[in-house]
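Written out below as structure tokens is the structure these notes cover.
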Amino acid sequence: MDAVTATCVVRELGRQPYEPVWRAMQRFTDARTDATGDELWLVEHDPVFTLGQAGKPEHVLAAGDIPVIHVDRGGQVTYHGPGQIVAYPLFDLKRLKVGVRDYVCRIEQAMIDTLAEWNIEAVRKDGAPGVYVAGAKIGALGIRVRRGCTFHGLAFNIAMDLEPFHRINPCGYQGLQVVSLADLGGPAGMDQVKPVLLRHMAEQFGLSLQHEAALPDLSEAA
């Protein structure tokens with residue numbers, strides 16, 4: 001989309017509980033200055049329901065053995081679990097010269113373009129952020145912008161047990177259907193999808209990606 005303007009560090013965090021990664025994102029965002037480079041974190045979370053800032057508890061129907069965490073992003077309730085790519089763009093929107101609405105559209109487009117690589121037609125919906133295939137949600141968005149810098153991000157269903165979505169009204173919508181890439185004939189391997197998603201994210205934001213080691217202090221972040 002744009003000419004490459006900046007380097008973005010990519011960190012693959014592996015499988016992690018939710019809260020330490022959330023706290024690390026907060027610390028990174030609070031500590032950054034105008035000189036801080038952008039980062040993009042990829043993670044696969046242990047099973048968890050997260051409820052956004054204005055999230056209504058009644059949208060959690062029956063959490064059962066899965067914890068519910070109230071967090072500081074926009075949106076209602078969603079589920080994170082194994083087999084889902086969660087990507088956290090830690091971007092300075094002022095430096096990228098990208099508005100919040102455009103930021104959301106570009107993230108959605110990166111997922112749409114990724115799905116197109118496997119001939120899966122996906123769309124966005126007015127007033128309901130995320131990415132949908134034949135009416136079923138495959139990619140969710142929940143973001144926070146602080147001092148022009150983003151944290152939280154996207155959740156992209158690759159090959160996961162979708163049963164926990166029946167325990168909630170996904171994103172606050174009763175009866176919303178949810179689907180995974182593998183269910184649509186796409187690959188079930190996270191490592192097949194991650195590079196494609198990263199490439200399209202880089203294209204959308206005009207970034208050159210540089211892979212570095214995961215954060216050393218996640219275990220201390222909670």
Side-chain angles (χ1 to χ4, degrees), residues 12-18 21 40-52 55 59-68 73 75-89 104-143 152-201 203-204:
E12 298 212 24
L13 308 184
R15 181 165 167 176
Q16 300 284 347
Y18 181 86
V21 180
L40 179 58
W41 297 357
L42 296 180
V43 64
E44 189 175 5
H45 282 307
D46 296 338
V48 65
F49 295 116
T50 66
L51 194 62
H59 288 309
V60 181
L61 307 176
D65 57 346
I66 299 175
V68 180
R73 60 161 173 79
Q76 292 288 329
V77 65
T78 195
Y79 169 69
H80 297 310
Q84 180 189 66
I85 296 174
V86 177
Y88 295 129
V104 169
C105 286
R106 292 188 195 205
I107 290 178
E108 290 171 336
Q109 194 61 47
M111 287 191 279
I112 290 169
D113 291 345
T114 298
L115 290 163
E117 302 255 351
W118 289 284
N119 299 310
I120 295 167
E121 183 178 354
V123 298
R124 54 173 62 87
K125 281 187 180 181
D126 289 341
V131 172
Y132 302 80
V133 177
K137 196 163 196 174
I138 192 168
L141 279 174
I143 68 167
H152 292 286
L154 69 94
F156 194 9
N157 304 336
I158 306 306
M160 61 190 304
D161 177 6
L162 298 176
E163 183 277 329
F165 285 103
H166 297 300
R167 308 187 197 185
I168 61 174
N169 291 328
C171 305
Y173 293 97
Q174 183 177 2
L176 177 65
Q177 296 300 302
V178 180
V179 70
S180 284
L181 177 58
D183 300 329
L184 299 171
M190 306 276 276
D191 289 340
Q192 291 173 267
V193 184
K194 283 179 189 176
V196 181
L197 177 62
L198 286 172
R199 173 162 51 84
H200 287 298
M201 285 286 287
E203 289 172 356
Q204 286 298 317

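Throughout, residue positions are numbered sequentially from 1 according to the sequence presented.
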>> How close do P187 and I158 get, counting heavy atoms only, and between which atoms?
In response: O-CG2, 3.8 Å
> Sub-3.5 Å donor-acceptor pair from the side chain of R73 to the main-chain atoms of Q76, do we have one?
Replying inline: yes
> Do K137 and Y173 have side-chain heavy atoms sitting under 4.5 Å apart?
Replying inline: no
> Can you tell me if E44 uses its side chain to pair, donor with acceptor, with the backbone of G83 under 3.5 Å?
Replying inline: yes
>> Once ring pair (Phe, Tyr, Trp, His ring centres under 6.0 Å) is applied, do any residues pair with Y132, and if so which ones, sequence neighbours excluded?
In response: none
>> For A87 versus L42, what's the shortest heavy-atom pair and its separation?
In response: CB-CD2, 3.6 Å
> Parallel, tilted or perpendicular: which describes the rings of H45 and H80, with under 30° parallel and over 60° perpendicular?
Replying inline: tilted
>> Rounded to the nearest 0.5 Å, what separates atom SG in C171 from atom OH in Y79?
In response: 14.5 Å
>> If I take atom CG from residue L154 and atom OG1 from residue T78, how far apart are they, to the nearest 0.5 angstrom?
In response: 11.0 Å
> Will you find, in the side chains of H166 and E163, an N or O donor that is under 3.5 Å from an N or O acceptor?
Replying inline: no
> Side-chain contact, heavy-atom cut-off 4.5 Å: V86 with W41?
Replying inline: no
> With a 4.5 Å heavy-atom cut-off, do R15 and D46 have their side chains touching?
Replying inline: yes
>> Ignoring hydrogens, what is the shortest heavy-atom contact between A110 and H200? Give both atom names and the distance.
In response: O-CB, 3.7 Å
> Which heavy-atom pair separates W118 from V193 by the least distance, and what is that distance?
Replying inline: CH2-CA, 4.1 Å
>> Can you give me the closest heavy-atom contact between N169 and Q174, atom names plus distance?
In response: OD1-CA, 3.5 Å
> Under 4.5 Å between any side-chain heavy atoms of M190 and I85, yes or no?
Replying inline: yes
>> If you define the side chain from C-beta out and look only at heavy atoms, does anything of T114 sit under 4.5 Å from L181?
In response: no
> If you measure from CD on E117 to CD on Q192, what distance do you get to the nearest 0.5 Å?
Replying inline: 12.5 Å
> How far apart are the C-alpha atoms of I138 and F156, what are their side-chain angles, what is the distance that settles it, and do they pass the side-chain contact (heavy atoms from CB on, under 4.5 Å) test?
Replying inline: CA-CA 6 Å; I138 192 168; F156 194 9; 4.1 Å; yes
> Which heavy atom of L162 sits nearest a heavy atom of V178, and at what distance?
Replying inline: CD1-O, 3.4 Å
> Quick one: are F49 and H59 in side-chain contact, heavy atoms under 4.5 Å?
Replying inline: no
> Going by heavy atoms in the side chains, are V179 and N157 under 4.5 Å from each other?
Replying inline: no
> Taking atom CZ of R167 and atom CD1 of I66, what is their separation to the nearest 0.5 Å?
Replying inline: 4.0 Å
>> Please check: side-chain N/O of Q177 versus main-chain N/O of G175, any donor-acceptor pairing under 3.5 Å?
In response: yes
>> Please check: side-chain N/O of E108 versus main-chain N/O of L141, any donor-acceptor pairing under 3.5 Å?
In response: no
> Hey, does the side chain of R124 reach the backbone of C105 with a donor-acceptor pair shorter than 3.5 angstrom?
Replying inline: yes
> So how far is it from I168 CD1 to T50 OG1, rounded to the nearest 0.5 Å?
Replying inline: 8.5 Å
